[in-house]
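A quick write-up on the structure given underneath.
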Amino acid sequence: MLRYTVFKFTLLLSVCYGYIDIGKYLKVCDRNSADVNDCIAEAVQNGLAVLADGITELGVPPVDPYRQKDLHAEYNNNQITAKMDMKDIYVHGLKSSEIKDARLRADDDQFYLEVDLTTPKVFVTGQYQGEGRYNSLKIAAKGSFNSTMTDLVYTWKLEGVPEKKDNETYMRIKSFYMRPDVGNMVSYLSNDNPESRELVDIGNRFINSNNNWRLMYRELLPLAQANWNKIGVRIANKIFLKIPYNQLFPALS
Ligand SMILES: *[C@@H]1O[C@H](CO)[C@@H](O)[C@H](O)[C@H]1NC(C)=O
Ligand SMILES: *[C@@H]1O[C@H](CO)[C@@H](O)[C@H](O)[C@H]1NC(C)=O
């Protein structure tokens, strides 16, 4: 009876105050400890396995595979204009990442975290509908796409500022930055439009030969980075705005 009452009371507390024991999901690190960076590297490494399936209680979506409902992209330079609507995008592979290092610079007023990682293979699939113009040549295509990237080496950079809510301080993540170095990339567009089939085939062959993908990667990186920043900030804040800063990164020592 007592246990039941205690249980009910705890449940009531957690419903009223939204208390979430983050330790259930993620290793918590003392932000003042001398080995906080090792602790965070381990926390992120173990955390990826948990985040892969998402954390329902916090509203964190599964990150491996990560599903992005849609993405609109536009590209212009002198000769080329292109528009592409992508949907049902799935990104596989994040959970096989290896966390190499972490660097935290944090106190009561600021939060800055860098995490170095490598990912052996990222596979992206989705549906697309696109339109492009090359000088006077117009082409329309739709179908599916996929892209396999290998040997990614990169650093996540997260920046946060404190925010008070109901007498608690949270650290709102304001920016998430990364610029992956990619070892190799192979991409394909399938095309349901017979009129442009040949051109898209040529495009596939072109992009997959002579490291031409590097050109595409460099040109499309700003678009991708804007997209990653939005996703990274949103996912990080599912945790950072729900768990008070002093529980997520307590200052114990
Ligand atoms: C915040 O703390 C003050 C002083 O301890 C208290 O009077 C107030 O009711 C608290 N507000 C909330 C929203 O908990
Ligand atoms: C990627 O797409 C191409 C063209 O549609 C297809 O032939 C290939 O099997 C796909 N690759 C994978 C790994 O699904």
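One-based numbering, in listed order, for ligands and for the atoms of each.
- A perpendicular orientation is assigned to the rings of Trp156 and Tyr154, their planes being inclined by more than 60° (bins at 30° and 60°).
- Scanning all protein heavy atoms for the shortest distance to atom 5 (O) of ligand 2 gives Ser190 CB, 3.4 Å.
- Looking at Tyr188 next to ligand 2, no N or O pair under 3.5 Å apart turns up.
- The nearest heavy-atom contact from the protein to atom 2 (O) of ligand 2 is Asn146 ND2, 2.2 Å.
- When distances from atom 14 (O) of ligand 2 to the protein are checked, a heavy atom turns up under 4.0 Å.
- Ionic pairing of Lys164 and Asp166 is not present here: no N-O contact between side-chain nitrogen and carboxylate oxygen is shorter than 4.0 angstrom.
- Atom 11 (N) of ligand 2 is flagged as protein-proximal [any protein heavy atom, distance under 4.0 Å].
- Judged by distance alone, the side chains of Asn77 and Glu219 never bring a donor and an acceptor atom under 3.5 Å apart.
- Between the side chain of Tyr128 and the backbone N or O of Ser190, at least one donor-acceptor pair lies under 3.5 Å.
- At least one heavy atom of Phe123 sits less than 4.0 Å from an atom of ligand 2.
- Ring-plane geometry between Phe111 and Phe240 is classed as perpendicular, the angle between the planes exceeding 60 degrees on a 0 to 90 degree scale with a lower cut at 30.
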